[in-house]
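Below is one structure; the comments refer to it alone.
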Amino acid sequence: MRHHTRPVPGRYRPPVTDQPWPRRLLAADQSWPRRLLATTDQPWPRRLLATTDQPWPRRLLAAGVALLIGLALAVAAPPSGPASAAPAAFNYAEALQKSLLFYEAQQSGRLPDWNRVSWRGDSALTDGADAGLDLTGGWYDAGDHVKFGFPMAFSATMLAWGAVEYRSGYTASGQLPHLLNNLRFVNDYFIRAHPSANVLYGQVGKGDDDHKWWGPAEVLPMARPAYKIDASCGGADLAGETAAAMAASSMVFRPTDAAYADRLLGHARQLYTFADTVRKSYHECITDATSFYRSWSGWQDELVWAAIWLHRATGEASYLAKAESEYDKLGTENQSTTRSYKWTIAWDNKQFGAYVLLANLTGKQKYVDDANRWLDYWTVGVDGQRVPYSPGGMAVLDSWGALRYAANTSFAALVYSDRTTDTTRKARYHDFAVRQINYALGDNPRNSSYVIGFGANAPRNPHHRTAHGSWWDSQTVPVETRHTLYGALVGGPSAANDAYTDSRSDYVMNEVATDYNAGFTSALVRLTSEYGGTPLANFPVAETPDLDELTVETTVMQAEPRATGLKVMIYNKSAFPARALTDGRFRYYFRPDGTGGVQVTAGYTQGCPSPTTARQLSGDIWYVEVDCTGHTIAPAGQSQHRMEVQFKIGVPEGGTWDPTNDPSYQATAGPNRKVPLYSGATRVWGDEPGPVVPDTTAPSPPGTPVASAVTATGLTLSWAASTDNVGVTGYRVHREAGATDPLVGSSTGATLAVSGLTASTAYQFYVVAVDAAGNTSAASAPVTVTTAPPPVTGACTVGYATNDWSTGFTAAVTITNTGTTAINGWTLRFSFPGGQTVSQGWSATVTQAGTAVTATGLSYNGTLAPGASVSFGFNGTHTGSNPRPTAFTVNGVACALG
């Protein structure tokens with residue numbers, strides 16, 4: 001498995017002094033000047049440095065003031081607040097670009113044509129069908145595939161808030177079209193989820209069922225029920241947050257699409273009325289959300305928060321009055337009338353955002369006090385208590401998704417800092433936010449980014465099913481994450497110790513979610529507005545598959561003389577994007593041998609029908625096709641991602657079978673590209689047989705024949721075998737005879753017995769090899785052989801006697817050489833006159849064809865000297881009478897009866 005490469009982000013730095021020494025001094029490893037300038041409550045050094053027009057005194061003062069005052073504070077005590085980071089240490093525009101892209105990776109339903117995530121595809125296209133509605137679209141919540149409306153709406157509100165405050169930053173960085181696309185996508189879902197005034201669908205998918213499966217969104221196997229709130233069972237928190245999201249988004253769309261903004265605002269008004277009327281927690285009605293996104297803070301914060309956004313979107317004073325009238329009911333610290341300040345703005349509790357918005361909108365002291373107290377708790381502390389900080393400067397509110405809380409607070413701190421007239425807090429909150437965002441981007445003791453695909457040593461293994469790309473329903477298969485989930489902010493260190501493990505199974509430190517990125521994205525656009533930066537060109541680059549996604553493997557299960565048994569496996573490991581194969585089929589190509597029929601025998605199948613017939617492609621190439629149309633093969637589990645089919649192809653008894661010349665045959669088990677796989681009419685794996693190229697290469701000439709076992713009427717020829725590019729199929733033996741050389745015989749091996757020759761006659765033979773295509777070799781060198789002389793007529797006698805019983809008998813035969821020359825190799829021939837049958841012989845090779853019997857001497861008794869005799873015998877059967885043969889010949893010469 002290969003790793004995906006990630007582009008190294010460029011670092012943006014603003015113009016600085018040409019003289020290097022002040023830069024070295026201010027950027028030195030000693031942090032006390034940075035702490036001094038970031039945390040001192042006295043504004044005069046900052047004002048002095050900011051207002052001096054001449055560059056040289058500014059440089060001098062920057063070094064001198066930091067040195068003098070810093071020395072004093074360094075001796076006195078360590079700073080009470082976190083150290084601020086040098087600004088513009090990162091290319092914020094690139095980080096913004098990637099953070100926005102994360103939302104496109106989270107899209108559910110049919111993807112719009114502007115979606116830039118190459119490894120995502122359409123998914124969950126039947127959402128809402130159980131309710132008779134189209135509830136497709138929206139965002140998957142995190143690394144799972146439930147659409148939780150409550151955090152989704154909060155994420156949309158936070159993204160819209162960033163654009164309301166810092167639209168120019170989106171415009172300058174070229175990211176405004178992408179923001180508008182993503183906000184429209186999620187708001188279109190909210191519109192579909194709000195089919196009538198007092199009905200809002202707040203969740204699609206059952207949490208536990210979704211979470212116990214690990215696979216890509218495109219092949220979700222489980223039912224996805226839709227859950228709603230209505231007038232009989234409401235949810236002021238859910239309806240209020242969705243109203244806030246749509247009202248805030250209407251402000252973003254107002255400059256470019258007033259009609260769409262009006263539509264969103266109409267839904268927001270209805271939803272707020274619904275929330276204000278049916279004051280109930282949504283988890284009491286959508287009970288499945290209780291274990292996942294119950295609003296522990298209740299619904300009061302959403303009533304205030306949404307009213308503020310409706311006031312901002314409409315300009316109507318009644319909404320502001322509503323927000324202020326509900327404000328005093330917001331949560332307080334335990335056993336206190338002091339407004340809560342030891343938590344932060346997140347998907348659950350929005351009252352901290354209300355502090356900032358009402359302080360900025362009205363300037364009233366009680367809102368300013370609440371905002372100051374909250375943000376002081378995150379920076380310098382309140383009454384000796386402060387949010388925990390790691391040694392590296394990370395504010396750690398809670399273990400689960402700690403960076404998300406720091407990023408949300410940072411964005412709100414920036415919004416407040418930009419409007420407050422308290423210059424000390426303006427600097428404090430601004431520098432806090434910069435420090436926290438820079439920590440997430442890589443300014444930390446690990447020198448590592450916590451944003452996937454950005455910066456140095458970024459996380460590679462988020463707790464995210466679709467990015468992982470498992471086909472096995474397993475967090476550990478494959479080992480490496482197959483996709484880069486660009487821009488996703490992981491949870492980060494879970495304690496104030498800067499420690500982190502990039503582990504897919506660690507959903508505390510390595511989960512990602514739409515609400516994690518929301519405040520983070522808005523903080524990035526604010527920093528881009530201040531420090532600039534450059535987004536990457538030609539981003540993102542489409543990913544390419546890391547392995548063959550759809551494959552066919554074959555295993556030879558039976559290698560029989562007349563058949564081949566096969567196991568064929570289809571595998572679907574797709575992830576670019578993941579997709580179900582529902583119309584798959586494959587073909588196994590082979591060549592029948594000879595002219596007989598072909599037999600296809602069905603075997604075990606996992607689901608697809610096993611084949612029973614073969615079809616001719618062209619010429620001598622045939623194929624078996626297995627059509628799996630209607631059977632789903634998807635990267636959704638151990639058995640779901642594969643399909644097994646077994647079958648056997650061969651010929652009937654008496655036929656010949658050679659699988660080695662089959663186009664699809666592969667002796668070793670494994671992926672077999674010679675078995676093409678199709679999705680419908682499209683070939684998605686493997687290669688089809690090419691056009692048949694005629695074989696014109698002739699075999700090499702055989703070796704010179706060698707004669708043996710020469711008799712008066714026969715002999716045996718043997719020769720060295722020929723070679724050929726596709727294989728020799730046989731040999732032809734010819735006899736030289738002038739203009740036309742007759743064929744003596746054919747053999748599949750390198751030997752041939754020749755008979756029917758004339759005694760004492762010279763013969764010349766040669767051999768020609770033949771291959772499978774019918775190409776013939778050049779002739780071998782010839783061999784000249786003279787047959788043995790015939791025996792003298794009457795120079796032999798044959799004695800024949802039997803011992804008979806019932807229908808059987810034993811025969812004893814004696815041959816005597818009565819001539820004057822030796823008989824070198826003898827063959828006795830005779831015929832049975834009464835239908836007898838030889839069953840077993842000894843001391844000779846005895847064979848029978850019809851009534852004719854042939855007996856040939858063995859190596860130890862094949863020679864008869866003059867006057868010598870040889871005996872052999874055999875058992876036989878008869879039908880009731882056993883008349884003896886009337887004539888015998890030895891080597892074709894008649895013998896006298898003895």
Side-chain angles (χ1 to χ4, degrees), residues 149-167 179-180 183-184 186-187 189-191 193-194 200 235-255 257-258 260-277 295 297 299-327 329-330 345-362 364 367 370-371 408 411-412 414-416 419 515 518-519 521-522 525:
F150 191 45
M152 188 191 307
F154 168 74
S155 302
T157 307
M158 292 295 282
L159 279 179
W161 187 8
V164 168
E165 303 291 348
Y166 306 114
R167 189 185 190 95
L179 172 78
L180 294 176
L183 275 182
R184 185 182 293 268
V186 73
N187 277 281
Y189 172 73
F190 294 148
I191 291 172
H194 184 222
L200 176 63
D237 38 13
L238 173 62
E241 185 56 55
T242 309
M246 299 182 89
S249 296
S250 76
M251 297 179 68
V252 181
F253 285 102
R254 179 70 60 190
D257 192 341
Y260 189 64
D262 289 342
R263 188 180 184 191
L264 295 181
L265 201 52
H267 281 277
R269 288 178 185 273
Q270 287 185 343
L271 285 166
Y272 190 80
T273 300
F274 177 28
D276 193 29
T277 304
S295 180
S297 66
W299 37 260
Q300 187 64 36
D301 54 307
E302 280 79 25
L303 289 180
V304 176
W305 173 251
I308 297 170
W309 279 111
L310 277 161
H311 165 68
R312 296 192 73 181
T314 64
E316 296 173 14
S318 60
Y319 282 116
L320 179 58
K322 178 68 173 177
E324 293 197 78
S325 69
E326 297 287 347
Y327 185 89
K329 303 173 189 175
L330 290 174
I345 181 171
W347 61 266
D348 182 2
N349 196 333
K350 309 357 181 291
Q351 72 181 71
F352 308 95
Y355 302 164
V356 168
L357 286 177
L358 286 176
N360 285 355
L361 286 169
T362 70
K364 292 181 180 179
Y367 306 133
D370 289 343
N408 288 351
F411 171 62
L414 288 166
V415 173
Y416 186 71
R419 299 291 294 274
D515 72 291
T521 303
S522 292
V525 73

Closer than 3.5 angstrom, by distance alone: can the side chain of Ser250 be matched with the main-chain N or O of Ala247 as a donor-acceptor pair? yes
What I'd like to find out is whether the side chain of Leu271 reaches to under 4.5 Å of the side chain of Met246, using heavy atoms alone. yes
How close do Gly162 and Val525 get, counting heavy atoms only, and between which atoms? O-CG1, 4.0 Å
Those residues at least two apart in sequence (or on a different chain) that pass salt bridge (charged side-chain N to carboxylate O under 4.0 Å, His left out) with Arg269 are Glu316
Does Asp301 use its side chain to pair, donor to acceptor, with the backbone of Lys350 at less than 3.5 Å? yes
If the condition is side-chain contact (heavy atoms from CB on, under 4.5 Å), which residues does Gln300 pass it with, not counting sequence neighbours? Arg279, Leu303, Val304, Glu326, Lys329, Leu330
Could you please spell out the steps behind the ring-ring contact (aromatic ring centres under 6.0 Å, His included) verdict for Phe253 and Tyr260? CA-CA 7 Å; Phe253 285 102; Tyr260 189 64; 5.0 Å; yes
Minimum heavy-atom distance Ala244-Ala306, with the two atoms named: CB-CA, 3.9 Å
Distance flag, aromatic centroids of Phe411 and Trp161, threshold under 6.0 Å: yes
Can you list every pair that meets salt bridge (charged side-chain N to carboxylate O under 4.0 Å, His left out) and has a residue in residues 352-362, with sequence neighbours left out? none
May I have the step-by-step check of side-chain contact (heavy atoms from CB on, under 4.5 Å) for Tyr272 and Lys322, ending in yes or no? CA-CA 11 Å; Tyr272 190 80; Lys322 178 68 173 177; 3.3 Å; yes
Could you check whether Tyr355 and Asn360, counting side-chain N and O atoms only, form a donor-acceptor pair closer than 3.5 Å? no
So which heavy atom on Gly353 is nearest to which on Ile345, and how close? CA-CD1, 3.8 Å
Scan side-chain atoms only and decide if Gln351 and Trp305 contain a donor-acceptor pair under the 3.5 Å cut-off. no
Applying side-chain contact (heavy atoms from CB on, under 4.5 Å) to Leu265 and Arg254, what does each step give before you reach the verdict? CA-CA 10 Å; Leu265 201 52; Arg254 179 70 60 190; 3.9 Å; yes
Will you find, in the side chains of Tyr367 and Glu324, an N or O donor that is under 3.5 Å from an N or O acceptor? yes
I'd like to check the side chain to side chain donor-acceptor pair (under 3.5 Å) partners of Arg184; sequence neighbours left out, ordered by chain and number. Asp257
Donor + acceptor pair across side chains of Asp515, Ser155 (<3.5 Å): no
So Ser522 and Tyr166, do their side chains get closer than 4.5 Å, heavy atoms only? no
In Å and rounded to the nearest 0.5 Å, what is the CG to CZ distance from Asp237 to Phe150? 5.0 Å
State the OG-CG distance between Ser249 and Leu159, to the nearest 0.5 angstrom. 8.5 Å
Restricting to non-hydrogen atoms, name the atom on Leu183 and the atom on Asn187 that form the minimum distance, rounded to 0.1 Å. O-ND2, 2.8 Å
A side-chain contact here means heavy atoms from C-beta on lying under 4.5 Å apart; do Ile308 and Leu320 qualify? no
Could you measure the distance from the CG atom of Leu238 to the CZ atom of Phe154? Nearest 0.5 Å is fine. 14.5 Å
Kindly write out the residues that satisfy side-chain contact (heavy atoms from CB on, under 4.5 Å) with Ala245, not counting sequence neighbours, or none if the list is empty. Ala153, Ala156, Thr157, Phe190
All side-chain contact (heavy atoms from CB on, under 4.5 Å) counterparts of Arg263, not counting sequence neighbours: Ile191, His267
side-chain contact (heavy atoms from CB on, under 4.5 Å) for Leu200 and Thr242? Distances and angles first, verdict last. CA-CA 9 Å; Leu200 176 63; Thr242 309; 3.7 Å; yes
Go through the steps to decide whether Glu241 and Trp309 satisfy the test side-chain contact (heavy atoms from CB on, under 4.5 Å), and finish with yes or no. CA-CA 10 Å; Glu241 185 56 55; Trp309 279 111; over 6 Å; no
Looking at Ala239 and Phe274, what are the two nearest heavy atoms and their distance? CB-CD2, 4.0 Å
Side-chain heavy-atom pair Arg312, Leu361 within 4.5 angstrom cut-off: yes
